[in-house]
Protein chains: 4
Amino acid sequence: MCPVSDERAAVGRTSAGTLRVGVLGARGRMGLEVCRAVDAAEDLELVATIDQGDQLSKAADAGAQVMVDFTTPDTVMDNLNWGIDQGINVVVGTSGFTEQRLDQVRGWLSHRPGVGVVIAPNFGIGAVLMMQFAARAARYFESVEIIEQHHPKKLDAPSGTATHTARLVAQARAEAGLAAPPDATTDEVAGARGADIDGIRVHAVRATGLVAHQEVLFGTAGETLTIRHDSFDRASFMPGVLLAVRSVSNRPGLTVGLDALLD
Amino acid sequence: MCPVSDERAAVGRTSAGTLRVGVLGARGRMGLEVCRAVDAAEDLELVATIDQGDQLSKAADAGAQVMVDFTTPDTVMDNLNWGIDQGINVVVGTSGFTEQRLDQVRGWLSHRPGVGVVIAPNFGIGAVLMMQFAARAARYFESVEIIEQHHPKKLDAPSGTATHTARLVAQARAEAGLAAPPDATTDEVAGARGADIDGIRVHAVRATGLVAHQEVLFGTAGETLTIRHDSFDRASFMPGVLLAVRSVSNRPGLTVGLDALLD
Amino acid sequence: MCPVSDERAAVGRTSAGTLRVGVLGARGRMGLEVCRAVDAAEDLELVATIDQGDQLSKAADAGAQVMVDFTTPDTVMDNLNWGIDQGINVVVGTSGFTEQRLDQVRGWLSHRPGVGVVIAPNFGIGAVLMMQFAARAARYFESVEIIEQHHPKKLDAPSGTATHTARLVAQARAEAGLAAPPDATTDEVAGARGADIDGIRVHAVRATGLVAHQEVLFGTAGETLTIRHDSFDRASFMPGVLLAVRSVSNRPGLTVGLDALLD
Amino acid sequence: MCPVSDERAAVGRTSAGTLRVGVLGARGRMGLEVCRAVDAAEDLELVATIDQGDQLSKAADAGAQVMVDFTTPDTVMDNLNWGIDQGINVVVGTSGFTEQRLDQVRGWLSHRPGVGVVIAPNFGIGAVLMMQFAARAARYFESVEIIEQHHPKKLDAPSGTATHTARLVAQARAEAGLAAPPDATTDEVAGARGADIDGIRVHAVRATGLVAHQEVLFGTAGETLTIRHDSFDRASFMPGVLLAVRSVSNRPGLTVGLDALLD
């Protein structure tokens with residue numbers, strides 16, 4: 001599926017303005033999407049596609065300036081170590097990054113001051129903006145609740161994004177000195193009022209036909225403000241990945257989260 | 001506030017086509033709205049407004065053909081007994097009707113076969129249609145959940161309307177032989193998945209700025225159907241009250257619920 | 001992609017009970033789904049797949065008993081004319097049917113009394129329920145508007161479903177004796193108030209990321225009722241298409257809308 | 001209605017921390033709300049209520065530190081001139097401010113460098129945040145459309161807020177070098193695609209039961225982000241007015257728009 005072959009990389013498109021990109025985990029679901037998206041972007045050139053059984057050196061041989069890693073927690077640290085050592089910038093969507101791992105990456109980068117690494121748990125620009133806006137609106141509204149809606153095969157409730165949003169909102173309210181949202185409920189059927197995440201009520205809806213949706217509802221006297229994100233497709237992460245690919249060379253050192261790139 | 005005086009009723013507007021209406025509980029919040037709505041309707045004439053301290057006979061003296069009762073559970077049965085005895089049709093929005101009370105009313109009506117009584121727990125046409133549509137759609141969708149949203153002074157969660165809707169939907173699914181909606185949740189923060197009402201998940205949101213809102217979300221492969229009702233104002237019950245006022249004379253005996261009038 | 005070849009059609013599966021189906025617009029997005037769905041149905045046989053550059057006669061040569069047309073407004077009338085003339089029943093999902101076009105089809109059918117045509121602006125059961133509910137609610141609300149939202153590759157605005165819904169709603173309002181919805185607009189930037197379809201305002205939103213969505217908003221004093229349908233996947237239309245394919249032979253003449261086939 | 005009398009102001013509440021506020025246009029709809037809101041705020045003291053027939057000197061006599069002006073375009077400039085001259089900070093919600101008028105106010109303020117004036121066309125924090133978020137999100141999405149929904153007595157379509165939002169969004173897109181949103185529409189019933197405001201499509205819905213609502217819908221491949229504001233009540237403007245009242249003393253000179261106060 002992934003349309004770039006070694007031959008093509010070997011031939012090379014030497015267009016002055018294009019950025020040479022390698023994809024690690026290129027045969028995975030996300031990797032395939034990244035290959036398509038890079039290939040379709042006029043200013044990017046897909047020069048290496050690497051998956052299990054391939055040598056990382058393919059990326060260096062092909063002259064990759066940026067590597068995108070959607071592999072597994074088991075292999076991503078080796079890939080990062082090698083890439084940084086080679087002076088190749090890296091964009092990482094692989095999960096499993098602890099504070100310890102981030103420190104390890106910072107350590108490697110300290111020896112290669114020109115290299116940039118962007119590690120983001122969520123490349124959906126819409127989701128990231130939703131969280132930014134929610135954190136910003138939080139201090140101005142007496143009430144706030146979160147309703148997330150997903151397909152019924154999801155194992156956790158609420159979603160990681162909803163939990164993260166609730167924490168950001170709770171922190172912003174605390175900083176602004178807001179009291180708990182008013183709630184006179186005295187007679188509740190268990191669960192009706194949702195989960196309590198740092199004092200913020202979060203409701204998780206599950207239904208066939210849904211994909212991944214979240215609504216943050218703010219209310220104060222006489223008005224409500226709603227921020228809603230609907231994600232229908234893995235393709236929705238690609239603009240965020242491409243933004244990171246285009247930005248990483250200009251951001252030496254470690255950048256965590258897509259937020260910092262959105263200005 | 002209520003603009004109709006005894007004087008005016010005494011003078012009488014003898015327009016052939018108008019229906020003469022008396023309001024019991026005329027100084028209450030709902031009663032005042034009913035007075036306004038009747039007064040504003042060209043085909044209705046407000047001929048008597050009765051509240052604590054007034055004699056019911058005012059309604060008969062003014063020639064009321066229909067009485068609207070928004071009083072209290074303590075007085076509504078006496079009002080009904082008297083009205084039926086006088087041959088006056090009655091529309092009742094007062095709460096507290098048990099099956100036993102309904103039987104009592106049926107007994108009184110059996111002696112006055114021409115008289116009609118409409119007793120409805122909810123005069124909001126929008127809410128009643130929402131429930132009808134939800135019951136009808138229920139059999140065609142694998143999944144369904146209910147999200148109700150109210151002001152934070154509400155004491156119960158979920159709302160009575162949401163609970164009633166969940167029961168109607170559960171019954172329709174059972175009749176169609178549907179299994180429980182799919183839900184793979186294994187890792188839940190307590191309450192995230194809402195209250196379980198007859199197997200239907202119901203979520204209750206509370207926020208300043210909200211009034212009374214409900215959404216019934218149906219889902220099946222590739223599509224969702226949402227039925228949403230937003231009520232901002234007590235005025236929203238008036239079309240239902242007027243519909244009942246206009247219909248009750250043509251419906252001898254007892255009619256329970258607004259549903260039967262919506263055809 | 002579409003798995004049926006001419007060779008296969010030529011060989012023929014002569015199973016007594018199967019219905020022989022041809023698909024027009026077979027390489028289009030909807031056409032491909034129809035091919036898959038017909039092919040997967042045990043009681044249906046996909047005998048001809050026709051697209052630009054193919055002769056309609058392929059369908060007749062292959063002995064098609066039903067043709068499914070998901071082509072374009074430009075070609076659908078010629079296809080219908082030909083199919084009816086050949087005595088082949090036709091199921092049409094192509095958009096762009098005006099009253100004039102429907103009359104034209106009725107005229108052709110009057111010369112071929114045994115032939116059935118089903119033209120449906122929408123084959124999703126959720127969409128059909130939305131339209132039924134909208135028609136039923138219409139008489140109870142002073143105001144109603146329709147907002148449809150689709151991907152930006154859609155050629156017509158508003159969608160066929162929205163136009164059809166508007167007509168159903170307008171008819172229900174007329175039957176109930178309702179006046180035009182109130183609208184005090186005196187200062188309008190051209191187009192702001194949407195298209196006027198039989199007196200009902202219809203708004204067409206186009207945005208990347210959307211698939212096919214429609215909202216019917218009803219309002220009266222103090223309340224609104226919203227019926228919303230979201231379709232994320234073409235697969236959601238297939239049960240309706242197959243129902244029409246199976247029913248059309250038993251419904252000589254013109255049937256407009258899936259509704260009639262549902263009960 | 002407005003609960004503060006001259007007597008009370010004369011007596012004075014000398015609580016160290018409270019800010020002394022006068023209201024101009026105190027008997028108007030907005031003025032009454034401001035009186036109520038100021039009176040209910042523990043850190044504010046309503047010391048003068050002024051309307052037609054009252055002397056401005058009442059405000060000075062009562063020791064007002066901030067004046068709130070919800071009067072008319074005819075009188076607001078005189079009020080501002082007098083207030084600035086007296087060294088009283090002014091918060092203005094009165095409409096009709098042209099660039100020329102703003103310059104006039106700046107001129108007056110140049111002679112009284114310690115005085116602050118805040119002039120805002122919209123004190124709804126929710127609406128202002130909606131516009132800020134829309135302007136910020138604009139550059140990241142291929143598509144954007146605006147749907148505003150109001151009561152049917154509104155004269156203009158689209159609303160001033162929608163028009164302003166469209167312009168902000170158009171400007172942000174232009175600065176980011178985005179092309180026009182994709183739109184393949186070739187067959188449009190006039191008006192279906194809404195009004196064109198600086199290249200952004202805006203749809204105006206009008207229905208009984210609605211108050212003031214706006215949705216900004218952003219879309220890119222596979223996802224949408226929606227920012228929605230619902231305003232049910234004039235009370236919704238009060239948090240913004242109070243924010244301005246509390247901030248104006250610390251903002252010498254002229255501040256236009258609530259945006260600058262939201263940090």
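Proteins come first, then strands; the chains are lettered A, B, ... in the order of their sequence lines, and each starts at number 1. As the structure is a prediction and not an experimental result, all values here were calculated from the model.
- Contact of B:Q214 with chain C is not made at all, since no heavy-atom distance falls under 4.5 Å.
- Using a 4.5 Å cut-off between heavy atoms, C:A127 contacts chain B through its backbone alone, with no side-chain atom that close.
- Contact of B:A221 with chain C is made through the backbone alone, with heavy-atom distances under 4.5 Å.
- To the nearest 0.5 Å, atom OG1 of residue C:T226 and atom NE2 of residue B:H213 are 11.5 Å apart.
- Ranked by heavy-atom pairs under 4.5 Å with chain B, the first of C:D233, C:T220, C:I227, C:T224 is C:T224.
- C:I125 contributes atom CD1, which lies 7.0 Å from atom CZ of B:F141 (distance to the nearest 0.5 angstrom).
- Using a 4.5 Å cut-off between heavy atoms, B:L262 touches chain C through backbone and side chain atoms alike.
- Here the CZ-CG distance, from C:F133 to B:L225, works out to 6.5 Å after rounding to the nearest 0.5 Å.
- For chain C, the option among B:A212, B:S231, B:A235 with the highest count of heavy-atom pairs below 4.5 Å is B:S231.
- The closest side-chain heavy-atom distance from B:E223 to C:F237 is not below 4.5 Å.
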